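To start, the structure itself, in structure tokens.
As the structure is a computational prediction, the values presented were derived from the model and not from experiment. Letters A, B, ... mirror the listed sequences (proteins, then strands); counts begin at 1.
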Amino acid sequence: MTGREAVNRRHGMLLMAPTVLALGTLTVYPGIWVLWLSLQHRIPIFGVSRFAGFDNYAFLAFDSRFASALATTLIFAVTSVALEVVLGVAAALAIHSLRGGRRVALSLLLLAWAMPAVVTAKLFEWLYHPTAGLLNVALGGHALNWLGDPRLALPAIVVADVWRTMPFVAVLCYARLLAIPPEVYEAAQVDGAGRVATLVRITLPMLGRILLLAILFRTLDALRAFDLMFVLTGGGPAGTTETLTVYAYRALFQTLQLGFGSALGVVVFALVMTVAWAYLKLLRTSTVTA
Amino acid sequence: MRRGARTFADALVLAALASYAIPFFWQLLTSFKPEAELLRVPPLLPSQLTLAHYRAVVEKSLMPQALANSFGIAALTTLLALAVGVPGAYAVARLPLPGKRFVLLAIVASTAFPQIATVSPLYLLMRALDLRDTWSGLVLVHTSFALPLTVWLLSGFIREIPIEAEEAASVDGAGLFGLFRWVVIPLLGPGLAATALLTFLFSWNEFLFAYTFTVSEASRTIPVALALFPGVFEVPWGDIAAASMLASLPPVLIVVGLQRFLVRGLVAGAVKE
């Protein structure tokens, strides 16, 4: 028995070694390296490379561009996740109510989710075109400059993001709905519960846990979102769509401030981890009460 | 009457979902519209359909090379992630490991890792190893980034395999390799397919790393080529539409043809814990 155990342990380590090696060299090691980079002034084109302590982080405290990017990131994450959840639940209920054609329904929905975000950006750039865009035509020939107007650009990007990621929420909810045993609904019918009562008292509570998970995944993704704003507006107009990720990227690869850009990357990392930790705590307490 | 009402409700739902996909269908229509009619809307429908934009993209742009790069990089990433991930997932699911709780925590935590946080050190690493602008560089980076989810999904699927099958194999004296060859991989079937599809899609769609670590058409993937699509005097909307459709072809085929596996993978990723 102990011999068997020892063999299993050895096999376990052997089989795990490639995964540990890959994650170690290409995720954990860069993860530590970026902390080190963020403590430096490093601007390769000027040959600047010296230790700076917490200067980069101290600078952020008074950087109005950082404050604005942080606000944009949070507004983007909260509004797009809220819309995705509401629309996602509605779509899941709608698909669940179908008697036929569910496969087609899921295909139509998942199309938006499966394609590259850069393609989504191109689709919406065309829809938002000031003169020939379908949206302005549908609105009766207005010439609104969706991506060029500082008041419209962020909402326009939120819409594109919601379009792309709502199907993820919908599919998770739909799968949960399939798992609710029909007896539950029959019992509700026997008790004389109407459609609204069934929805509010039975269906939505059953979705609670999967929704919390979907919100967690979607929030983490929204805080890290980059592709859509980078391709659609590059952070403009007037910085109104510049999230922390876009600010970090521009600092790193456009103004070539390797140290400062890394500090911004670390902030995004810390933000994501804090939110994940807080959410998981919330999830745990909610399972205890449920 | 009731029956008619339900059919009507079904039609309504399907119509709503079809209109949800309008951004895609509009671009599809645009890709077949004659150049002269692109900026003249309404009318919504073109007077005739043309393949001119596809011809321009295939013959005059760098898209064909980008498609080839994307296929190669996504396929190699999928293979490598599975080759590394299947044994790792088996160890997580079935074998005693020192520090297993820590390993699991690290895997879950790294699924939340933002790419923007590691892009600067990885850039320096790629430069130091001379892997910038190569397939290998992107394959390595994509694999490591996809790996946590791959291991996570696969370990869930492996737990569903009846343990008796594995015990029988070890009684028969199949070694570690035989166990994977004859038991784990064949029984993993649909789960393996689901994981492979999600990994492939991740690599096909990934933009931030691909944009940063590529320099030329030697390794530029489809999202990068699309983001950088050149226009000389004006934006070539028709050509961009055609290129977008080519870029979404594999995802669309997967959604339509392999939906069962895709949904299985998506749901497993969220529910298994």
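For chain B, no part of Ile32(A) is nearby; none of its heavy atoms comes within less than 4.5 Å. Of the two parts of Val119(B), the backbone and the side chain both hold a non-hydrogen atom closer than 4.5 Å to a non-hydrogen atom of chain A. The contact between Ala22(A) and chain B is made by backbone and side chain atoms together, counting heavy-atom distances below 4.5 Å. Neither the backbone nor the side chain of Thr120(A) comes within less than 4.5 Å of any heavy atom of chain B. When heavy atoms are compared at a cutoff of 4.5 Å, Phe229(B) does not approach chain A at all. Heavy atoms closer than 4.5 Å to chain A are found in the side chain of Phe180(B), but not in its backbone. Residue contact with chain B, scored on non-hydrogen atoms closer than 4.5 Å, involves the side chain of Val231(A) exclusively. Looking at Leu246(B), neither its backbone nor its side chain comes within 4.5 Å of chain A, counting heavy atoms on both sides. For Val137(A), the part lying under 4.5 angstrom from a heavy atom of chain B is the side chain only. Heavy atoms closer than 4.5 Å to chain B are found in the side chain of Phe226(A), but not in its backbone. For Leu249(B), no part lies under 4.5 angstrom from a heavy atom of chain A. Only the side chain of Phe230(A) comes within less than 4.5 Å of a heavy atom in chain B; its backbone stays farther off.
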### Message
Determine whether Leu123(A) and Trp26(B) satisfy the following criterion, side-chain contact (heavy atoms from CB on, under 4.5 Å), listing intermediate values before the conclusion.
### Response
CA-CA 8 Å; Leu123(A) 302 191; Trp26(B) 181 242; over 6 Å; no

### Worked check of side-chain contact (heavy atoms from CB on, under 4.5 Å) between Val119(A) and Asn205(B)
CA-CA 9 Å; Val119(A) 172; Asn205(B) 293 349; over 6 Å; no

#### Entry: Intermediate values then yes/no, side-chain contact (heavy atoms from CB on, under 4.5 Å), Leu147(B) and Thr27(A)
CA-CA 10 Å; Leu147(B) 202 54; Thr27(A) 304; over 6 Å; no

### Derivation and outcome, side-chain contact (heavy atoms from CB on, under 4.5 Å), residues Leu109(A) and Leu17(B)
CA-CA 7 Å; Leu109(A) 211 53; Leu17(B) 287 168; 3.5 Å; yes

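Looking only at side-chain heavy atoms (C-beta outward), Met16(A) and Val92(B) come within less than 4.5 Å of each other. Contact check for Ile22(B) versus Trp163(A): no side-chain heavy atoms found under the 4.5 Å cut-off. Contact of the Pro167(A) side chain with the Tyr20(B) side chain is registered, since non-hydrogen atoms from C-beta on lie closer than 4.5 Å. Looking only at side-chain heavy atoms (C-beta outward), Thr212(B) and Leu252(A) stay at 4.5 Å or farther from each other. Using a 4.5 Å heavy-atom cutoff, the side chains of Leu110(A) and Val263(B) are in contact. When side chains are defined from C-beta on, Leu124(B) counts as touching Arg42(A), because their heavy atoms get closer than 4.5 Å.
Among Val103(B), Leu39(B), Leu176(B), the residue making the largest number of heavy-atom pairs under 4.5 Å with chain A is Leu176(B). Residue with the most contacts toward chain B among Val272(A), Leu134(A), Ile95(A): Leu134(A) (heavy-atom pairs, distance under 4.5 Å). Comparing Asn136(A), Leu220(A), Val268(A), Leu271(A) by how many heavy-atom pairs each has under 4.5 Å with chain B, the most go to Val268(A). With respect to chain A, the highest number of heavy-atom pairs below 4.5 Å among Ala227(B), Pro250(B), Ala16(B) belongs to Ala227(B). Taking Ser110(B), Ser248(B), Ala18(B), Pro98(B) one by one and counting their heavy-atom pairs under 4.5 Å with chain A, the maximum is reached by Pro98(B). Ranked by heavy-atom pairs under 4.5 Å with chain B, the first of Tyr174(A), Trp113(A), Trp126(A), Phe124(A) is Trp126(A). If you tally non-hydrogen atom pairs under 4.5 Å between each of Gly31(A), Ser38(A), Pro116(A) and chain B, the highest count goes to Pro116(A). By number of non-hydrogen pairs under 4.5 angstrom with chain A, the leading residue of Ala21(B), Ala112(B), Ala91(B) is Ala112(B). Interface check for chain B: of the options Asp221(A), Leu37(A), Leu223(A), Val104(A), the most heavy-atom pairs under 4.5 Å are formed by Leu37(A). Of all the listed residues (Leu122(B), Leu262(B), Leu208(B)), the one sharing the greatest number of non-hydrogen pairs under 4.5 Å with chain A is Leu208(B). Of the listed residues (Pro223(B), Pro114(B), Pro251(B), Ala241(B)), the one with the most heavy-atom contacts under 4.5 Å to chain A is Pro114(B). Taking chain B as the reference chain and counting heavy-atom pairs below 4.5 Å, the highest number among Arg176(A), Arg102(A), Met273(A) is found for Met273(A).
The structure places CD1 of Ile254(B) at 12.0 Å from CG of Leu111(A), a figure rounded to the nearest 0.5 Å. Atom CG of Leu201(B) sits about 11.0 Å away from atom CE of Met115(A), to the nearest 0.5 Å. Between the CG atom in Leu26(A) and the OG1 atom in Thr118(B) there is a gap of 9.0 Å [rounded to 0.5 Å]. Between Arg10(A) atom CZ and Leu95(B) atom CG the span is 12.0 Å, to the nearest 0.5 Å. In this structure, OH on Tyr211(B) lies 11.5 Å from CG on Asp227(A), to the nearest 0.5 angstrom. With rounding to the nearest 0.5 Å, the separation of OG1 in Thr143(B) from CG in Leu23(A) is 10.5 Å.
In the model, Thr7(B) has a side-chain atom that pairs as donor or acceptor with a side-chain atom of Arg99(A) under 3.5 Å.
Looking at every heavy atom in both residues, Ala117(B) comes nearest to Val34(A) through O-CG2, 2.9 Å. Of all non-hydrogen atoms in Tyr29(A) and Leu125(B), the two that sit nearest each other are CE2-CD1, 4.2 Å. Shown here for Leu14(B) and Ala105(A), the closest heavy-atom pair between the two residues is CD2-CB, 3.9 Å. Minimum heavy-atom separation, Pro87(B) to Leu15(A): O-CB, 3.5 Å. When all heavy atoms of Ile116(B) and Ala248(A) are compared, the pair lying nearest together is CG1-CB, 3.7 Å.
Atom CZ of Arg103(A) has more than 12 heavy atoms from other residues, nucleotides or ligands within 6.0 Å.
Using the six-membered ring where Trp is involved, Phe113(B) and Phe269(A) have ring planes that are tilted, between 30° and 60° apart. Aromatic ring orientation, Tyr123(B) versus Phe253(A): perpendicular (interplanar angle above 60°, classes split at 30° and 60°). Between Trp237(B) and His129(A), the ring-plane angle classifies as perpendicular under the 30° and 60° cut-offs.
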